[in-house]
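Read through the structure below, which is laid out as structure tokens, and then see the notes.
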Amino acid sequence: LNLNGSTLSKSREEAPLRILGSNVAITNGKVQSTCVSKSANAVEVGKFDHTGAKLTLDNVTLEGSVGGGTGVRGFGLFILTGNEAVVTSGTFTGGIYTEGTLTMSGGSFDSIKIENGADYQSLLAAGYAYQKQDGAWVKLSEMNANTVVTVVECSHPDDPSGGNVCPYCGYAAEVTKTDGSTSYHRTVDAAIAAADGGTVKLLANADEITINSPLKLNLNGKTAAKLTVTGDVTLASLLPEGYVFKSGSTWISYLSSTE
């Protein structure tokens, strides 16, 4: 459904749109509940007795209504158990309520309420994070239903509070394979195992790293407590072109060593 810049609105107590199809997309416009008798949602995915619906949203505004004299707004998007939504961009006035599956790689949200036991990292596409309106990054450990956020690509800012993972996206390393495909991993060891000759980029500081197969290592400004190479791998072979290693304040020039 390409709204083509238009607004779809209804004043009934039910949501103006209920999605039951398994491959539905709404793009380029606004869906708004204008109900005044009660707080109503704008878009609902699935029904209590219907599962398998899937909705993709891009460049949309979904706005729940404030009605019934309560001052409470309905949700922009409401996902029922056994159903799914994918958000790539948009504005969700009234926020999102999910009992089902939700994946976000963009969008701005008044609130995100989870009722299926999932955590806030599980809602994010790999490599994305939550950011407040003032630009401050939101740690996953501090994210809650009442935080107004935008979902953006994570820049993995330095923050030792996350330990060996980025505290904003929850990943330790990114892998870019030689064919250009990318993947994200929660441990550096898992990233190294998946690299297949590609590049491993750290997203947080790391403990000891051991590499025994050819790949490129981008420390990305982070620190590894110790780096050991085995087999035919050398420190020199790990470096992308134009990069060098540094230990403390000392530049490492003897790159044929193993650690």
Where the side chain of [X] meets the backbone of [Y], is there a donor-acceptor pair that is under 3.5 Å apart?
| X | Y | result |
| --- | --- | --- |
| N205 | N164 | no |
| Y120 | E142 | no |
| R18 | G46 | yes |
| K10 | Q32 | no |
| N41 | F75 | yes |
| T91 | L62 | no |
| S65 | G67 | no |

State, yes or no, whether a side-chain contact exists between [X] and [Y] at a heavy-atom distance under 4.5 Å.
| X | Y | answer |
| --- | --- | --- |
| Y130 | V151 | yes |
| E84 | V45 | no |
| K201 | T176 | no |
| L17 | I26 | yes |
| Y128 | C154 | no |
| C166 | H156 | yes |
| E44 | Y97 | no |
| E115 | T81 | no |

Which atom names give the shortest non-hydrogen contact between [X] and [Y], and what distance separates them?
| X | Y | answer |
| --- | --- | --- |
| L215 | A195 | CD2-CB, 3.9 Å |
| E208 | A225 | N-CB, 4.3 Å |
| S111 | A145 | CB-O, 3.0 Å |
| E99 | N116 | O-CB, 3.2 Å |
| A204 | V165 | CB-C, 3.5 Å |
| G76 | A42 | O-CB, 3.4 Å |

| field | Lys/Arg-Asp/Glu bridge criterion (N-O < 4.0 Å) met for K226, D207 | value |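 No.
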
| Residues D159, K139: salt bridge by 4.0 Å N-O rule |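 K139 and D159: salt-bridged.
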
Examine [X] and [Y] and state if one hydrophobic cluster contains both, with Ile, Leu, Val, Met, Phe, Trp and Tyr joined whenever side-chain heavy atoms are less than 4.5 Å apart.
| X | Y | answer |
| --- | --- | --- |
| Y171 | V152 | no |
| V175 | Y184 | no |
| L80 | V86 | no |
| F78 | L102 | no |
| M104 | V60 | yes |

Please say whether more than 12 non-hydrogen atoms of neighbouring residues, nucleotides or ligands are located less than 6.0 Å from [atom1] in [X].
| X | atom1 | answer |
| --- | --- | --- |
| D232 | CG | no |
| N23 | CG | no |
| K47 | NZ | no |

| Passes side-chain contact (heavy atoms from CB on, under 4.5 Å), Y168 versus Q121? Steps please. | CA-CA 9 Å; Y168 306 103; Q121 183 188 12; over 6 Å; no

Got a second to check how far [X]'s [atom1] is from [Y]'s [atom2], nearest 0.5 Å?
| X | Y | atom1 | atom2 | value |
| --- | --- | --- | --- | --- |
| N212 | I192 | CG | CD1 | 8.0 Å |
| K113 | I96 | NZ | CD1 | 14.0 Å |
| S155 | W137 | OG | CH2 | 4.0 Å |
| F109 | L123 | CZ | CG | 9.5 Å |
| L203 | R186 | CG | CZ | 12.5 Å |
| L202 | T223 | CG | OG1 | 9.0 Å |

| request: Go through I112 and V149 one step at a time and tell me if the side-chain contact (heavy atoms from CB on, under 4.5 Å) criterion holds. | output: CA-CA 9 Å; I112 303 172; V149 292; 4.0 Å; yes

| Does the pair I79 and T101 meet the rule for a side-chain contact (heavy atoms from CB on, under 4.5 Å), with working shown? | CA-CA 8 Å; I79 309 162; T101 301; over 6 Å; no

| Identified side chain to side chain donor-acceptor pair (under 3.5 Å) partner of T88 from the options D58, T56, T103 | D58

Would you tell me whether [X] and [Y] have side-chain atoms, one donor and one acceptor, within less than 3.5 Å of each other?
| X | Y | answer |
| --- | --- | --- |
| N4 | S6 | no |
| H185 | T187 | no |
| S37 | E13 | yes |
| T27 | N59 | no |

| task | Could you walk me through whether T230 and I211 pass side-chain contact (heavy atoms from CB on, under 4.5 Å), step by step? | result | CA-CA 6 Å; T230 63; I211 300 173; over 6 Å; no

| task | Using side-chain hydrogen bond (donor to acceptor under 3.5 Å, both in side chains) as the criterion, list what pairs up with D189, not counting sequence neighbours. | result | none

| message | Please identify which of these residues, N83, L1, V24, meets the side-chain contact (heavy atoms from CB on, under 4.5 Å) condition with L55. | response | V24

